[in-house]
Amino acid sequence: MTDAATLAARVRDGDLRLYELEDHADAATAAAARRHLLAEEVGADLDTIADYAFDAAVADANVENMIGATQIPLAIAGPLPIDGECTSDAVYLPLATTEGALVASVNRGAAAIRDAGEASTRVLKRGMTRAPVFSVANVEEAAAVADWVRASFDDLAAAAESTTSHGELQEVTPYVVGDSVFLRFSYDTKDAMGMNMATIATRAAAEVVEEETPASLVAVSGNLCTDKKPAAINAIQGRGRSVAADVFLPSEVVEARFGTTAEAIAEVNTRKNLIGSAKAASFGFNAHVANVVAAAFLATGQDIAQVVEGANAITSVEARESGLYASVTLPSLAVGTVGGGTKLPTQSEALDILGIAGGGDPPGSNGDALAEVVAAGALAGELSLLGALAGRHLASAHAEHGR
Ligand SMILES: CC(C)(COP(=O)([O-])OP(=O)([O-])OC[C@H]1O[C@@H](n2cnc3c(N)ncnc32)[C@H](O)[C@@H]1OP(=O)([O-])[O-])[C@@H](O)C(=O)NCCC(=O)NCCSC(=O)C[C@@](C)(O)CC(=O)[O-]
Ligand SMILES: NC(=O)C1=CN([C@@H]2O[C@H](COP(=O)(O)OP(=O)(O)OC[C@H]3O[C@@H](n4cnc5c(N)ncnc54)[C@H](OP(=O)(O)O)[C@@H]3O)[C@@H](O)[C@H]2O)C=CC1
């Protein structure tokens, strides 16, 4: 074991690579050595980055070349009453953000939902996808491979499921483009978001495809999955969890909470979220679902890059006889309560606020509960922002809260 300054000197002298420090010291000392080196090279003061409260070793599977931790303010919004299949409680939603007025907004939406009773939520579909791309000789061969895949689901499932005790292969859909064959594998990954699980399982199934057909694997991810890129396939067919939330707010709640009417909020939704989004050719027919998805993802250890598909959501609002009906449907929300960043201490504590850290009983129920909570939080955020726009107080709210 050796001290941070000595290790930094060895890196500077070319004796060690920056990422090899954990082989020569504990994780905290290795991080300190990198800060030491950085302080010398760029003169930055890293005292706050160094002041983290968890054992650096627990982040070993989550990051390389660690120097410390970024601290993001963490808040709660709620209580937010939810009537779902896996959540039937009033929850406090943990949100990590740097955008002033965001939590106040979700909190106001939650208050309106409380006044009205509760939001209903349902997970409509589960299926984490991975789509490898194979090359073949020509279209004729591509069609034959696709036919073989359609007839060989059991063999592919046996290979894929040999790599996991939780994952279940649900379907494999072939897509042919000339001499490329894409196979979109979809898995029930239970309480895991499942991207590692699906990738490992799909790699095993791809070996069977290569053994049994002329197809040759080009890449285990062929972008038809589609992970972390805007894509209509996720918005239409779903990815991860497809989840919806809705609520009916009586007119008096709308007026008391948002200082406007159901008709005015419905008009904002139609002209902004539907017509405006259509004109922009957006995948997000909503106001700011990404805000709640991102803040909840950061708080609970989700893969933040998957906010890309998490923000594919449609908000519907209708002025009814005695109030306002609103819904938010998120077709591609990639969430988990085990694996990835969920085991890190602050993230795991945030999941504890919701009572869903770790695996659920039955497996998958905690993942579903997290999806339901995020959907209800997104609904609260949509109601409040649409209310602020209809009542024309968005700019003043941000002037007051956000700067
Ligand atoms: C800011 C408010 C809530 C004020 O709203 P208000 O009605 O003036 O506030 P209020 O003081 O009367 O309080 C009403 C409720 O708001 C909550 N609330 C109020 N203050 C706080 C606070 N400090 N901390 C926590 N909660 C707060 C709280 O629930 C409170 O109820 P109570 O508990 O008192 O019965 C409102 O104006 C609002 O929601 N505005 C919208 C802000 C918003 O949604 N911003 C989202 C980010 S915008 C963006 O990023 C995306 C965008 C806009 O570009 C996307 C697009 O293109 O549309
Ligand atoms: N590899 C890739 O291409 C990509 C990886 N990622 C990263 O993948 C990680 C997430 O992958 P993910 O597979 O979710 O997590 P992990 O790789 O951390 O694996 C989670 C494992 O937990 C086990 N497990 C225990 N209890 C349960 C339960 N109740 N439900 C489900 N699984 C359980 C499963 O093991 P078992 O399978 O043995 O049953 C599962 O494979 C993130 O770090 C993300 O950033 C993101 C995008 C792409």
Side-chain angles (χ1 to χ4, degrees), residues 61-63 75-80 95 97 99-115 128 130 160-168 187-203 219-221 225 227-228 240 256-260 268-269 272-273 276-277 280 282 284 286-292 294-295 297 301-306 311 315 334-344 356 358-367 380-402:
N62 297 95
V63 72
I76 48 165
L80 174 53
L95 297 170
T97 185
E99 183 176 14
L102 172 59
V103 176
S105 178
V106 180
N107 212 31
R108 181 170 73 156
I113 291 170
R114 254 189 342 263
D115 292 345
M128 180 43 73
R130 183 46 103 197
E161 291 174 9
S162 71
T163 67
T164 168
S165 56
H166 286 84
E168 289 169 16
Y187 298 87
D188 182 346
T189 57
K190 307 298 175 187
D191 295 305
M193 177 275 279
M195 219 22 323
N196 277 339
M197 183 198 285
T199 303
I200 294 163
T202 301
R203 183 70 188 86
V220 74
S221 169
C225 317
D227 193 36
K228 305 179 178 175
R257 282 292 170 190
F258 305 123
T260 185
V268 171
N269 191 67
K272 169 191 170 65
N273 284 347
S277 300
S282 174
N286 64 78
H288 70 142
V289 166
N291 266 336
V292 174
F297 273 28
Q302 310 305 308
D303 188 328
I304 197 71
Q306 290 173 327
T315 298
V335 287
T337 59
V338 302
T342 63
K343 70 174 189 331
L344 291 170
I356 53 173
D361 181 15
S365 55
N366 279 357
E382 290 294 277
L383 287 168
S384 192
L385 177 51
L386 291 173
L389 290 165
R392 302 192 180 189
H393 57 264
L394 177 66
S396 57
H398 278 262
E400 187 186 332
H401 289 274

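Both counts, for ligands and for their atoms, begin at 1 and track the order of listing.
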For residues [X] and [Y], report the shortest heavy-atom separation together with the two atoms involved.
| X | Y | value |
| --- | --- | --- |
| Lys190 | Pro363 | CD-O, 3.7 Å |
| Met128 | Ala198 | CG-CB, 4.3 Å |
| Glu382 | Ala287 | OE1-N, 2.7 Å |
| Ala201 | Thr163 | CA-OG1, 3.3 Å |
| Ala311 | Ala290 | CB-CB, 3.8 Å |
| Gly167 | Glu161 | O-CG, 3.6 Å |

Please indicate, with yes or no, if any protein heavy atom is found under 4.0 Å from [atom]?
| atom | answer |
| --- | --- |
| atom 45 (N) of ligand 1 | yes |
| atom 26 (N) of ligand 1 | yes |
| atom 12 (O) of ligand 1 | no |
| atom 16 (O) of ligand 1 | yes |
| atom 31 (O) of ligand 1 | yes |
| atom 39 (O) of ligand 1 | yes |
| atom 57 (O) of ligand 1 | yes |
| atom 54 (O) of ligand 1 | no |
| atom 2 (C) of ligand 2 | yes |

Tell me: protein heavy atom nearest [atom], and distance?
| atom | result |
| --- | --- |
| atom 52 (C) of ligand 1 | Leu385 CD2, 4.4 Å |
| atom 22 (O) of ligand 2 | Val338 CG2, 4.1 Å |
| atom 44 (C) of ligand 2 | Asp303 OD2, 3.4 Å |
| atom 42 (C) of ligand 1 | His398 NE2, 3.6 Å |
| atom 5 (C) of ligand 2 | Asn196 OD1, 3.0 Å |
| atom 30 (N) of ligand 2 | Asp191 N, 3.0 Å |
| atom 10 (C) of ligand 2 | Met193 CE, 3.6 Å |
| atom 42 (C) of ligand 2 | Gly340 CA, 3.7 Å |
| atom 4 (C) of ligand 1 | His401 NE2, 4.2 Å |
| atom 6 (P) of ligand 1 | Arg108 NH1, 3.9 Å |

Please state which option from [options] has its nearest heavy atom closest to [atom].
| atom | options | answer |
| --- | --- | --- |
| atom 47 (C) of ligand 2 | Gln306, Met195, Lys343, Lys190 | Met195 |
| atom 39 (O) of ligand 2 | His166, Gln302, Met197 | His166 |
| atom 12 (P) of ligand 2 | Gly194, Gly364, Gly339, Gly301 | Gly194 |

**Message:** Does the residue Lys228 have a heavy-atom contact with ligand 2, meaning some pair of atoms that are separated by less than 4.0 Å?
**Reply:**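 It does; at least one heavy atom falls under 4.0 Å.
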**Message:** Could you check whether any heavy atom of Arg130 sits closer than 4.0 Å to an atom of ligand 2, since that is the contact criterion I want to use?
**Reply:**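 Contact check Arg130 vs ligand 2: positive.
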Sub-4.0 Å atoms of ligand 1 with respect to non-hydrogen atoms of [X]:
| X | value |
| --- | --- |
| Glu99 | 47 (C), 48 (S), 49 (C), 50 (O) |
| Lys272 | 56 (C), 57 (O), 58 (O) |
| Arg257 | 31 (O), 32 (P), 35 (O) |
| Ser384 | 38 (C), 39 (O) |
| Ala287 | 55 (C), 56 (C), 58 (O) |
| Ala388 | 40 (N), 41 (C) |

Strictly distance-based, threshold 3.5 Å: is any side-chain N or O of [X] a donor or acceptor partner for the main-chain N or O of [Y]?
| X | Y | value |
| --- | --- | --- |
| Asp227 | Arg130 | no |
| Ser384 | Gly381 | no |
| Arg203 | Val220 | no |
| Asp191 | Thr337 | no |
| Ser277 | Gly284 | yes |
| Ser105 | Ala101 | no |
| Thr202 | Thr199 | no |

Would you mind running through ligand 2 and noting each atom that sits below 4.0 Å from a heavy atom of [X]?
| X | value |
| --- | --- |
| Ser165 | 36 (P), 37 (O), 38 (O), 39 (O) |
| Asp227 | 47 (C), 48 (C) |
| Gly359 | 29 (N) |

**Asked** Quick one: does Asn291 get a heavy atom under 4.0 Å from ligand 1?
**Response**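 Judged by the 4.0 Å heavy-atom criterion, Asn291 does count as contacting ligand 1.
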Does the side chain of [X] reach to within under 4.5 Å of the side chain of [Y], using non-hydrogen atoms?
| X | Y | value |
| --- | --- | --- |
| Leu80 | Ile113 | yes |
| Thr342 | Gln302 | yes |
| Thr260 | Val268 | no |
| Leu102 | Leu95 | no |
| Asp303 | Lys228 | yes |
| Thr97 | Val103 | yes |
| Arg108 | Phe258 | yes |

When you look for heavy atoms under 4.0 Å from ligand 2, do you find them on the side chain of [X], its backbone, both, or neither?
| X | answer |
| --- | --- |
| Thr164 | both |
| Ile200 | neither |
| Thr199 | side chain |

**Asked** Any N/O of Asn107 closer than 3.5 Å to an N/O of ligand 1?
**Response** yes
**Prompt:** Counting only heavy atoms, which portion of Ala104 has something under 4.0 Å from ligand 1: side chain, backbone, both, or neither?
**Reply:**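 Under 4.0 Å from ligand 1, Ala104 contributes backbone and side-chain atoms.
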**Request:** Tell me which part of His288 gets within contact of ligand 1: side chain, backbone, both or neither, using heavy atoms under 4.0 Å.
**Result:**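 Just the side chain.
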**Asked** If you measure from CG on Asn286 to OG1 on Thr315, what distance do you get to the nearest 0.5 Å?
**Response**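 Between atom CG of Asn286 and atom OG1 of Thr315 there are 4.5 Å.
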**Asked** OG1/Thr189 to CE/Met197 distance, rounded to the nearest 0.5 angstrom?
**Response** 5.5 Å
